[in-house]
Amino acid sequence: MSSAGTNGAGSGKGASVTLSNLEKTYDRASAAAKAVDGVSLDIRSGEFLTMLGPSGSGKTTTLMMIAGFETPTAGDIAIDGKSVVAMPPYRRNIGMVFQNYALFPHLTVEENVGFPLKQRGVPKAERARLVAEALELVHLPGYGARYPRQLSGGQQQRVAVARAVVFKPRLLLMDEPLGALDKQLRENLQLEMRRLHADLGITFIYVTHDQEEALTMSDRIAVMNDGKVAQVGTPEDLYDRPENRFVAGFIGESNFLPAVVRGVENDVVIAECDGALIRALCPGRPSSGEKVTLTTRPERLRFADSTWIGEQMPQNRLSVTVTEAVFAGERCRYMLQAGDGTSIVLKEPSSAAIRRRAVGERAEIAWSVADTILV
Amino acid sequence: MSEIAQPASLALAVSRPRSPPFDWRRAVPFLLAAPLLLYMVVLYALPVVAMLLRSVNDPTWTLANYATLLDDVVFQKTFWITINTSVTVTLGCLILGYPVAMGLVRARSMAPFILVIILLPFWTSVLVRSYAWMVLLGRHGLVNEALLALGMIDRPIRILNTPLATQIAMIHILLPYMILPIANALRQIDPSLIRAASGLGSTPFMTFRQVILPLSMSGVAAGTLLTFVLALGFYITPAMVGGPRDITLSMLIAQQVDQLNWAYAATLSAVLLATALAILAVARKLPGVGNAFKTSMR
Ligand SMILES: Nc1ncnc2c1ncn2[C@@H]1O[C@H](COP(=O)(O)OP(=O)(O)OP(=O)(O)O)[C@@H](O)[C@H]1O
Ligand SMILES: [Mg+2]
C-alpha cells in the first residue's frame with residue numbers, strides 16, 4: 001500500500017483527484033437513466049470542493065464511485081494520477097463521513113475512532129495516542145468510553161469525522177454530513193469543518209444540497225444537474241457569472257429576461273429586451289437576431305430615480321410596473337412587470353429614507369452591465 | 001436536569017388522584033387474551049402440572065423418585081446422550097445455518113426462492129421427513145448409492161440407525177429455527193456500517209469478524225437457544241432413524257409411559273423441563289443474549 005500515510009505521490013498533504021468522463025448506470029436495462037453522465041472534474045491537492053445539486057442529481061453516486069463502493073459504468077477515477085477504479089475501497093485509504101454517520105453501535109467512541117488504525121495494524125499504545133489526538137481535534141476529549149447511542153447528533157457527527165481523519169488520509173469524502181442537524185448546530189459545525197480543513201490541509205470533497213452551506217464553505221463548487229456537472233467554479237464565479245440558466249436559477253435568485261441579439265462589442269452583447277437595448281457580458285459570440293436569455297440578480301437592480309451618490313447611473317434601463325410590494329425587514333421586495341409581461345424581482349435594502357413604491361406605480365429600473373449575463 | 005425534573009414530578013404527584021376510577025380500557029387486552037388463556041390453562045398447564053405432581057406424590061409425598069435418579073445408570077446415560085445430541089445438532093445448525101442466513105439477506109431476486117427452500121421443512125410433518133431420511137440413509141438409499149458410484153466406498157456403509165443419522169435428520173428439521181433469527185439480526189445491520197468498515201480499511205473478512213458477527217450475535221443467541229431447547233425434546237426422529245441403543249430422554253419417557261410407569265415418566269419429564277428452563281435462565285444472564293430477549297419483546 002504505497003498510498004498509506006502522509007507520504008503519497010503528488011504535492012502537499014492532500015490528494016488530487018481526477019474524474020474523467022465518469023458514467024454510472026444502475027439499471028442496465030434502461031441505459032437512458034444514467035445516474036452520473038459524463039462527469040469530468042479536476043480536484044486539486046488540498047482543495048475544499050463541494051458538489052451541490054438537487055436531489056437525484058448524482059452527487060452521492062459520484063462520491064460512492066470515488067470511495068469505491070460503486071463501480072463506474074464508464075470513465076476513470078485517478079487519485080494522485082493513478083487510476084483507482086480496480087482498487088477495492090479498503091485499499092484506497094480515503095476518509096469518509098456518511099450522512100447517518102455509520103458509527104459502529106457495538107463499539108465505544110474510542111473503538112470506533114481506533115477502528116481504521118486497528119485495520120492497519122497500528123500497535124495499541126500508538127492507537128490510543130492517535131485516537132486521543134483525533135478526539136481532541138473535534139473537541140470531544142473525555143467521551144471515549146461512551147457508546148454512540150449515548151451521544152447527541154452533533155457529537156456523533158464529530159466522532160464520525162474523528163474516525164475519518166484519524167488515519168491521516170489524504171482525501172476526505174463527506175456526504176451531507178450536517179444534513180440531520182438543526183440549523184444552529186449546522187452553522188457551528190460548518191465553521192469547524194472549515195477550520196479542520198485548514199488544520200489538516202488535506203483534500204475535502206463535500207456533498208450537500210444546501211447552497212448556503214456550499215457558498216460559505218467551499219473553495220470551489222461543482223454544481224450537478226441530472227448526472228452532469230452544470231458548472232465548476234468559486235462561489236463568486238457561480239453567483240456572479242453563471243454559465244447557464246440552471247446554475248443561475250439554482251444558486252440564489254435570478255431574473256430571466258428574454259431578448260434578441262442586436263450586436264456584439266468586445267465582450268459585451270447588445271440585446272433588445274422589451275424595446276430597450278440591454279448590454280450583457282458574454283464569453284461567446286452570438287449572432288445578430290439570435291433569441292437569448294439575459295439573467296440578473298434581484299439585489300443588483302435599482303429604481304432609476306434613486307439617488308446615485310458618487311456613481312453614475314448604470315447603463316441598462318427598463319420600464320416596469322410594480323405588481324407587488326413586500327416589506328421583509330432588512331429588505332423590500334418588489335415584483336415588477338415589464339411591458340412584454342416578463343416578471344422581474346427587485347430587492348432594495350430597506351431604509352426609512354427611501355420612498356416605498358405602491359402597487360400599480362410605473363417606474364424605471366437600472367442595473368450595470370457587469371451584473372447582466374447572457375445564459 | 002434533575003433540578004428541573006424534581007418540581008415537575010412533585011407537581012404531578014400532588015395533582016394525581018389517590019385511587020383512579022377503574023378504567024375499562026385497560027382491561028381490554030386481558031379480555032382479548034382470555035379465551036386463549038383459558039384454553040391453555042385448562043388443556044395444557046393443568047395436565048402438565050398434574051403429570052409433574054405424580055413425580056412427587058405417587059404413591060405418597062416423597063422425593064424418592066428424584067433421589068434414585070442419582071445412581072440410575074440408564075437415566076444418566078440417556079441424559080448424556082440427549083445433551084450430547086442437542087449440542088452436536090445445535091452446532092451443526094449454526095455452522096450450516098449462518099452462511100445460509102447471510103446468503104438469504106444478501107440475495108435480492110433470489111431471496112424468496114431461498115426462503116421457500118428454508119421453510120419447506122416447516123410445511124411437511126416431522127414424521128414424513130423422518131421417513132424420507134430413512135429412505136435416503138438406508139443400506140440401499142441414495143446416500144450409499146451416491147458414495148458407491150463416486151468410488152468413495154466399496155460396500156454400503158451403515159448410516160441409518162446410528163447417532164449420525166439422528167444428527168443429520170435433526171439438523172435438517174431444526175435448521176430453519178437457527179437460520180431465521182440469524183437472518184433477522186443480519187437484516188437489521190445498517191448496510192452503511194459495512195461500507196464504512198470497508199472504507200476505513202477493513203477487508204471483507206475483517207469486516208465480518210469485527211462488524212457483522214458481533215452485530216448478529218443476538219440472532220445467533222436466539223437461534224442457538226431455540227434450536228437447543230427444541231432438540232432436547234426430540235422424540236420421533238431419534239426413535240425412527242437413530243441407533244437402537246441411543247435412547248434420548250423423550251424416548252425413555254415414552255417407554256416408561258407405555259409400561260404405565262407414571263411416576264418415573266413424570267420424574268424424567270420434570271428433569272427435561274427443568275433442564276430447558278435452567279438453560280434459558282442462564283442464557284438470559286449472558287450479555288448478548290439478554291439483549292436478544294429484550295429486542296424480541298419489543
Ligand atoms: N442503488 C441504486 N440503484 C438504482 N438507482 C439508484 C441507486 N442509487 C441512486 N440511484 C439513482 O441514481 C440517481 C442519482 O442518485 P444519487 O443518490 O446519486 O443522487 P443525489 O444527488 O445524491 O441525491 P440526494 O440529494 O437526494 O441525496 C437517482 O435518480 C437515483 O434514483
Ligand atoms: Mg445523496
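Computed from a predicted structure; not experimentally measured. Excluded from the calculations below are hydrogen atoms, water molecules and symmetry mates; all remaining heavy atoms, backbone and side chain alike, are included.
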Point to revise | B:Arg106 atom CZ: more than 12 heavy-atom contacts under 6.0 Å | key: no

Review point. So how far is it from B:Leu215 CG to A:Leu107 CG, rounded to the nearest 0.5 Å?
Key: 8.0 Å

Practice item. For atom OH of A:Tyr26, decide whether the heavy atoms of other residues, nucleotides or ligands shown that lie under 6.0 angstrom number more than 12. Key: yes

Point to revise | Reported CZ-to-CD distance for the pair A:Phe115 and B:Gln210, which is rounded to 0.5 angstrom | key: 4.5 Å

Review point. Do B:Asp190 and A:Pro105 have side chains that get closer than 4.5 Å, going by heavy atoms?
Key: no

Check your understanding: Going from NE2 on A:His106 to OG on B:Ser218, what distance comes out if it is rounded to the nearest 0.5 angstrom?
Key -> 12.0 Å

**Study point:** For the student: nearest non-hydrogen atoms of B:Ser202 and A:Gln119, plus distance
**Key:** OG-OE1, 3.2 Å

Review point. With side chains defined as the heavy atoms from C-beta onward, is the minimum distance between B:Ser192 and A:Tyr101 less than 4.5 Å?
Key: no

Exercise for review: Show your reasoning for whether side-chain contact (heavy atoms from CB on, under 4.5 Å) applies to B:Leu200 and A:Phe167.
Suggested key: CA-CA 9 Å; B:Leu200 292 167; A:Phe167 58 101; 3.8 Å; yes

Exercise for review: Measure distances from A:Phe104 to the heavy atoms of chain B and classify the residue's part below 4.5 Å as side chain, backbone, both or neither.
Suggested key: both

Review point. So what's closer than 4.5 Å to chain B heavy atoms on A:Leu173: side chain, backbone, both or neither?
Key: neither

Check your understanding: When you look at B:Arg195 and A:Met96, which way does the side-chain contact (heavy atoms from CB on, under 4.5 Å) test go after all the steps?
Key -> CA-CA 10 Å; B:Arg195 288 187 157 183; A:Met96 170 118 198; over 6 Å; no

